[in-house]
2 protein chains.
Amino acid sequence: MYRIGELASLCEVKPDTLRFYEKHGLLAPSSRSESGYRVYSDADLSRLKFILRAKAVGFSLNEITELLSIELNKAEWACADVKGMVDDKLEQVSAKIAELLVFQDSLKRLSDACCGGPESAEHCSILEALETNRQVQAEHHAGFTPVADNKNLKASLAISAANKGKSSCC
Amino acid sequence: MYRIGELASLCEVKPDTLRFYEKHGLLAPSSRSESGYRVYSDADLSRLKFILRAKAVGFSLNEITELLSIELNKAEWACADVKGMVDDKLEQVSAKIAELLVFQDSLKRLSDACCGGPESAEHCSILEALETNRQVQAEHHAGFTPVADNKNLKASLAISAANKGKSSCC
DNA sequence: CTTGACCTTGGATTAAACTCCAAGGTTTAT
DNA sequence: ATAAACCTTGGAGTTTAATCCAAGGTCAAG
Ligand SMILES: [Zn+2]
Ligand SMILES: [Zn+2]
Ligand SMILES: [Zn+2]
Ligand SMILES: [Zn+2]
């Protein structure tokens with residue numbers, strides 16, 4: 001049995017957050033002390049962990065409410081329903097990744113086209129590209145690395161910083 | 001040249017959104033008609049597209065403002081500044097991609113572990129994974145083994161009889 | 001018996017990014 | 001010429017997920 005502060009620190013959230021969850025029907029303490037303190041059971045702890053896990057995996061509180069309603073009455077739902085929800089989320093995430101990769105690519109092109117020197121940016125090719133929205137040419141050799149890799153990213157940045165004169169705006 | 005509604009429907013946003021962007025310094029129409037209507041140019045359209053693309057991949061409007069603000073006072077910036085900003089964004093994008101890939105992976109594992117059939121979700125491995133702390137195994141084809149539950153052996157057998165050979169929860 | 005840490009409530013505030021509204025002015029089409 | 005469909009403005013409301021505040025009640029320690 002836990003008081004609100006105990007449960008909160010146990011799960012690394014704030015008491016206010018638990019009251020918020022209660023107000024929104026996600027998690028109510030299974031009892032109250034004589035003096036009115038919220039008292040959470042281990043089942044409540046499990047439920048909170050469920051909520052936090054789902055949240056960590058990117059579900060909104062509304063979606064989690066939906067998941068919890070399945071949890072409460074599993075027998076009335078099919079695997080298809082549950083899987084459908086996850087697959088929807090998966091599709092959203094994949095779409096977002098695809099968009100990010102496009103954006104990463106255009107930022108890379110912008111970066112590569114700029115000399116990065118101390119000169120006035122008046123003729124900076126990045127700014128020119130932003131103003132005119134002219135696409136900066138993709139570098140034939142650079143290709144497009146689809147996976148985030150900070151080591152490679154830093155290396156490539158270091159390299160492009162090193163050949164200032166080569167691919168520059170100024 | 002576009003009026004606000006034209007530009008809005010062209011980019012699938014609402015006129016209100018464009019007024020909001022204007023109020024917050026992201027996109028001002030390059031002129032006004034005699035009667036005071038906002039008139040957007042193709043450059044404005046391009047700028048809007050940039051904004052929307054950046055937004056679509058998770059940049060806040062503040063970040064987008066920062067990125068676009070370089071353009072306004074070019075002379076006060078050096079190429080190094082501009083490029084540094086772009087490179088910062090690039091790093092952020094890469095970090096976001098990495099995060100999303102992890103998320104995508106865990107969703108995939110959840111999805112793969114579920115049969116997705118019309119059976120009761122009582123033993124759905126997605127729900128089990130959310131209920132427990134156990135990670136769904138990566139990659140190993142039949143890796144996910146549901147917790148032994150002899151109580152529901154009968155149901156379990158019935159369901160697996162209905163299953164078409166997929167590695168699944170049921 | 002007082003201090004301090006905890007708890008209660010309702011309500012206010014935050015932040016981002018819209019979204020809607022009222023009360024009018026303008027264009028366009030029939 | 002009059003309605004429909006735009007546009008203008010300022011301001012208020014919405015959503016999500018908290019977070020904070022005020023005013024007070026409870027509890028263990030010194
Ligand atoms: Zn430059
Ligand atoms: Zn330069
Ligand atoms: Zn199943
Ligand atoms: Zn399932």
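- Remark: I97(A) CD1 to E99(A) CD distance equals 11.0 Å, nearest 0.5 Å.
- Between R3(B) and the phosphate of dT28(C), there is no side-chain N or O to OP1/OP2 separation shorter than 4.0 Å.
- The number of heavy-atom neighbours closer than 6.0 Å to CD of E22(A), taken from other residues, nucleotides and ligands shown, is above 12.
- Ion pair R109(A)/D112(A) not flagged as a salt bridge, since none of the NZ, NE, NH1 or NH2 atoms sits closer than 4.0 Å to an Asp/Glu carboxylate oxygen.
- Here the P atom of nucleotide dT26(D) and the CD atom of E34(A) are 11 Å apart, to the nearest Å.
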Assign a letter to each nucleotide of nucleotides 12-23 of chain D from its 5' end: B, base within under 4.0 Å of a protein heavy atom; S, sugar-phosphate only; -, no contact. ----SBBBB---

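- Atom CZ in R38(A) sits roughly 7 Å away from atom C1' in dT8(C) (whole-Å rounding).
- L10(B) has its CG atom 14 Å from the P atom of dC6(D), to the nearest Å.
- In this structure, Y40(B) places its OH atom 12 Å from C1' of dT8(D), rounding to the nearest Å.
- When the side chain to side chain contact (heavy atoms under 4.5 Å, CB included) test is applied to F20(B), the partners found at least two apart in sequence or on another chain are H24(B), L61(B).
- No hydrogens or angles considered: a donor-acceptor pair under 3.5 Å links the side chains of Y2(A) and D42(A).
- The side chain of S35(A) places an N or O atom within less than 4.0 Å of a non-bridging phosphate oxygen (OP1 or OP2) of dC27(D).
- With hydrogens and angles left out, the side-chain atoms of N62(A) and T65(A) include no donor and acceptor closer than 3.5 Å.
- What separates CG of L18(B) from C1' of dA17(C) is a distance of 13 Å, to the nearest Å.
- The separation between E6(A) atom CD and dC27(D) atom P is 14 Å, rounded to whole Å.
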